[in-house]
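Within every chain, numbering begins at 1; the chains are lettered A, B, ... in the order of the sequence lines, protein sequences first and strands thereafter.
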Protein chains: 2
Amino acid sequence: MNEIEKFLEDKKVRPTAMRILIYKFLAQKEVAVALTDIENAFAKADRTTLYRTLKTFEENGIVHQIDDGTGISKYALCEKDCNCEIEQDLHLHFHCSNCNETVCLTEHKIPHINLPEGYVAEDVNLVVKGICEKCSN
Amino acid sequence: MNEIEKFLEDKKVRPTAMRILIYKFLAQKEVAVALTDIENAFAKADRTTLYRTLKTFEENGIVHQIDDGTGISKYALCEKDCNCEIEQDLHLHFHCSNCNETVCLTEHKIPHINLPEGYVAEDVNLVVKGICEKCSN
DNA sequence: ATTAAAAATGCACTTTCGTTGCATTTGATA
DNA sequence: TATCAAATGCAACGAAAGTGCATTTTTAAT
């Protein structure tokens, strides 16, 4: 409880009640969540608030946004000490076409990529689509 | 002209006037295009027709759809003899955050990815975001 | 403690994109 | 030339992202 408040403050995000709840929700989820998922979990809160909370979290390095190819943005908590940097922090995401869930495979970092002359990489997104461990049995 | 008709027929796609035009448009573009781009180029045609043409092209291995992380689907002609298969055909895409264009780096195939036990890969999407060659000068 | 300022939240609304159903037209085939 | 299937055009819908503004809450200063 108090840890979360402290954590948010460290990240320069005001620890409002709503934000603490959203943080908790993200923390208990082991998969990436869409705005709609949070909306359903917090029926009382307005979508805009949730939307802006996620944006704030993203801007302050608390969550990373995941584009899993479904066209719907997903969000997941960043790892400890993550700066969302290529080579160091960025990891593989897996989207299951059966259960439709997206997971962070944080131990699978993104391989180094050689770009042609003149190209500058700022961000890399690697998504594998297929059948996840739960659904493949 | 006649080559295109033949090509489309080979791919089991009826070479209608509209489809030939769209094919030509894609062929002359060196970047991936969005539905909206084609819409603007062919003001006379209906969006639905363009949309369905792209779908038809995609289903018949003429174009591949690209998810570049902008949330807007892009399309580009497949390489010759492409079957859109992992390890063989799938390549890197680069999205420029300056000019907003997405290019196929077809010579950069997607590296082999080891997944955890139980995961089955069906498709892989690798997008690098940054500054492209044209914009970095 | 009170108040002023700033930030967060809620509400209404808009835009864009993807998508579908259905009527109409075009094109291939018998 | 008649017939049937495929392609096209039109209208509309739904989901999701995003914005402007009014209101409430929180912080900070007096």
Side-chain angles (χ1 to χ4, degrees), chain A residues 2 4-6 8-25 32-60 62-75 95 97 100 102 125, chain B residues 2 4-6 8-25 32-60 62-75 95 97 100 102 125:
Chain A
N2 225 321
I4 297 179
E5 288 189 32
K6 217 167 243 170
L8 293 179
E9 273 175 1
D10 275 1
K11 296 286 188 177
K12 320 252 187 230
V13 170
R14 279 208 210 161
T16 65
M18 194 78 257
R19 286 171 175 176
I20 293 170
L21 283 174
I22 295 174
Y23 183 88
K24 278 187 190 173
F25 180 77
V33 299
L35 177 57
T36 310
D37 298 328
I38 306 183
E39 209 181 333
N40 293 336
F42 298 93
K44 274 184 258 177
D46 188 76
R47 219 183 69 241
T48 313
T49 304
L50 303 174
Y51 170 76
R52 287 199 261 238
T53 299
L54 288 173
K55 282 275 172 266
T56 303
F57 278 8
E58 193 192 352
E59 284 160 11
N60 292 281
I62 296 171
V63 303
H64 58 281
Q65 189 183 13
I66 302 162
D67 165 31
D68 60 10
T70 59
I72 297 163
S73 292
K74 306 280 169 64
Y75 301 86
H95 176 73
S97 43
N100 215 34
T102 300
N125 192 31
Chain B
N2 224 322
I4 296 178
E5 290 188 31
K6 217 168 242 170
L8 293 179
E9 273 175 0
D10 276 0
K11 296 286 190 178
K12 320 254 187 225
V13 170
R14 277 210 214 161
T16 64
M18 194 78 254
R19 285 171 178 175
I20 292 169
L21 284 174
I22 295 174
Y23 182 89
K24 279 186 188 171
F25 179 77
V33 298
L35 177 56
T36 310
D37 298 328
I38 307 183
E39 210 180 332
N40 293 336
F42 298 94
K44 275 184 259 178
D46 188 79
R47 220 180 71 233
T48 314
T49 304
L50 304 174
Y51 170 76
R52 285 197 264 240
T53 299
L54 288 173
K55 280 275 171 265
T56 304
F57 280 7
E58 194 191 353
E59 284 160 11
N60 293 280
I62 296 171
V63 303
H64 59 280
Q65 190 184 11
I66 301 161
D67 164 32
D68 62 10
T70 60
I72 297 163
S73 292
K74 305 280 169 63
Y75 300 86
H95 176 73
S97 44
N100 213 35
T102 300
N125 191 33

A.B. asks: B:K44 NZ to D:dG9 P: how many Å, rounded?
C.D. replies: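 In whole Å, D:dG9 P and B:K44 NZ are 11 Å from each other.
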A.B. asks: Classify A:T48 by what it touches in the nucleic acid, base, sugar-phosphate, or nothing, heavy-atom distance under 4.0 Å.
C.D. replies: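 The answer is base, as A:T48 lies within the cut-off (heavy atoms under 4.0 Å) of a base atom.
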A.B. asks: Looking only at side-chain N and O atoms, does B:T16 come under 4.0 Å of OP1 or OP2 in D:dT8?
C.D. replies: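 Indeed, a polar side-chain atom of B:T16 lies that close.
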A.B. asks: Would you mind classifying the nucleic acid contact of B:T56 as base, sugar-phosphate or nothing, using non-hydrogen atoms under 4.0 angstrom?
C.D. replies: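 If one applies the 4.0 Å heavy-atom cut-off, B:T56 turns out to touch nothing in the nucleic acid.
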A.B. asks: Within the distance-only criterion (no hydrogens, no angle test), does the side chain of A:D46 pair as donor or acceptor with the backbone N or O of A:T48 below 3.5 angstrom?
C.D. replies: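 The answer is yes, because a donor-acceptor pair under 3.5 Å joins these two groups.
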A.B. asks: Under 4.0 Å: is that the gap between some side-chain N or O of B:R47 and OP1 or OP2 of C:dT16?
C.D. replies: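 No, outside the criterion.
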A.B. asks: Under 4.0 Å from OP1 or OP2 of C:dT19: is there any side-chain N or O of B:Y51 that close?
C.D. replies: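 B:Y51 to C:dT19 OP1/OP2: side-chain N or O found under 4.0 Å.
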A.B. asks: How many Å lie between CG on B:D37 and P on C:dC17, as a whole number?
C.D. replies: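 So the CG-P distance, B:D37 to C:dC17, works out to 9 Å.
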A.B. asks: Give the rounded distance in Å between these two atoms: CZ of A:R19 and P of D:dT27.
C.D. replies: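 It is 11 Å, rounded to the nearest whole Å.
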A.B. asks: Between D:dT27, D:dC10, D:dA7, which nucleotide gets closest to the side-chain atoms of A:R14?
C.D. replies: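 That would be D:dT27.
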A.B. asks: Which is more 5' along DNA chain C, the nucleotide nearest A:D46 or the one nearest B:K74? Just name the residue.
C.D. replies: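 Looking at DNA chain C, the more 5' nearest nucleotide goes with A:D46.
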A.B. asks: Quick one: on DNA chain C, does A:T53 or B:P15 contact a more 5' nucleotide (nearest heavy atom)?
C.D. replies: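 The residue mapped nearer the 5' terminus is A:T53.
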A.B. asks: Does D:dA17 have its OP1 or OP2 closer than 4.0 Å to a side-chain nitrogen or oxygen of A:S73?
C.D. replies: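 Checking D:dA17 against A:S73, a side-chain N or O does come within under 4.0 Å of OP1 or OP2.
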A.B. asks: Return yes if the base of D:dG18 and the side-chain atoms of A:R52 contain a donor-acceptor N/O pair under 3.5 Å, otherwise no.
C.D. replies: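 No pair found.
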A.B. asks: Between B:E59 (CD) and D:dA7 (P), how many Å, whole number?
C.D. replies: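 B:E59 atom CD is separated from D:dA7 atom P by 11 Å.
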A.B. asks: Let me know the distance between CD of A:E9 and P of D:dT26, rounded to the nearest Å.
C.D. replies: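 So the CD-P distance, A:E9 to D:dT26, works out to 14 Å.
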A.B. asks: Heavy atoms under 4.0 Å, any strand shown: does A:K55 hit a base, just sugar-phosphate, or nothing?
C.D. replies: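 The residue A:K55 makes sugar-phosphate contact but no base contact.
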A.B. asks: To the nearest angstrom, how far is B:L50 atom CG from C:dT16 atom P?
C.D. replies: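 The answer, rounded to whole Å, is 17 Å.
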A.B. asks: Side chains of B:L8 and B:F57: does their closest heavy-atom pair fall under 4.5 Å?
C.D. replies: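 SC-SC contact between B:L8 and B:F57 confirmed.
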A.B. asks: Side chain of B:M18: nearest nucleotide among D:dT8, D:dA17, C:dT20?
C.D. replies: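 Comparing D:dT8, D:dA17, C:dT20 against the side chain of B:M18, the answer is D:dT8.
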A.B. asks: May I ask you to evaluate whether A:T36 reaches the phosphate of D:dA16, defined as a side-chain N or O under 4.0 Å from OP1 or OP2?
C.D. replies: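 The answer is yes; a side-chain N or O of A:T36 sits under 4.0 Å from OP1 or OP2.
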A.B. asks: If we only count heavy atoms from C-beta on, is the A:Y75 to A:I38 side-chain gap below 4.5 Å?
C.D. replies: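 When only atoms from C-beta onward are counted, A:I38 and A:Y75 do not touch, as no gap falls below 4.5 Å.
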A.B. asks: Is it the case that over 12 heavy atoms from other parts of the model lie below 6.0 angstrom from the NZ atom of A:K55?
C.D. replies: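 More than 12 within 6.0 Å, yes.
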A.B. asks: May I have the distance from B:E5 (atom CD) to C:dA28 (atom P), rounded to whole angstrom?
C.D. replies: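 For the pair B:E5 CD and C:dA28 P, the rounded distance is 10 Å.
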A.B. asks: Which heavy-atom pair separates B:Y51 from B:L35 by the least distance, and what is that distance?
C.D. replies: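 Minimum heavy-atom contact is N-CD1, 3.7 Å.
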A.B. asks: Can you tell which of B:D68, B:D37, B:D67 makes a side-chain hydrogen bond (donor to acceptor under 3.5 Å, both in side chains) with B:K74?
C.D. replies: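 Single side-chain hydrogen bond (donor to acceptor under 3.5 Å, both in side chains) partner of B:K74 among B:D68, B:D37, B:D67: B:D68.
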A.B. asks: Whole-Å distance between D:dA16 P and A:L54 CG?
C.D. replies: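 Computing the A:L54:CG to D:dA16:P distance gives 14 Å.
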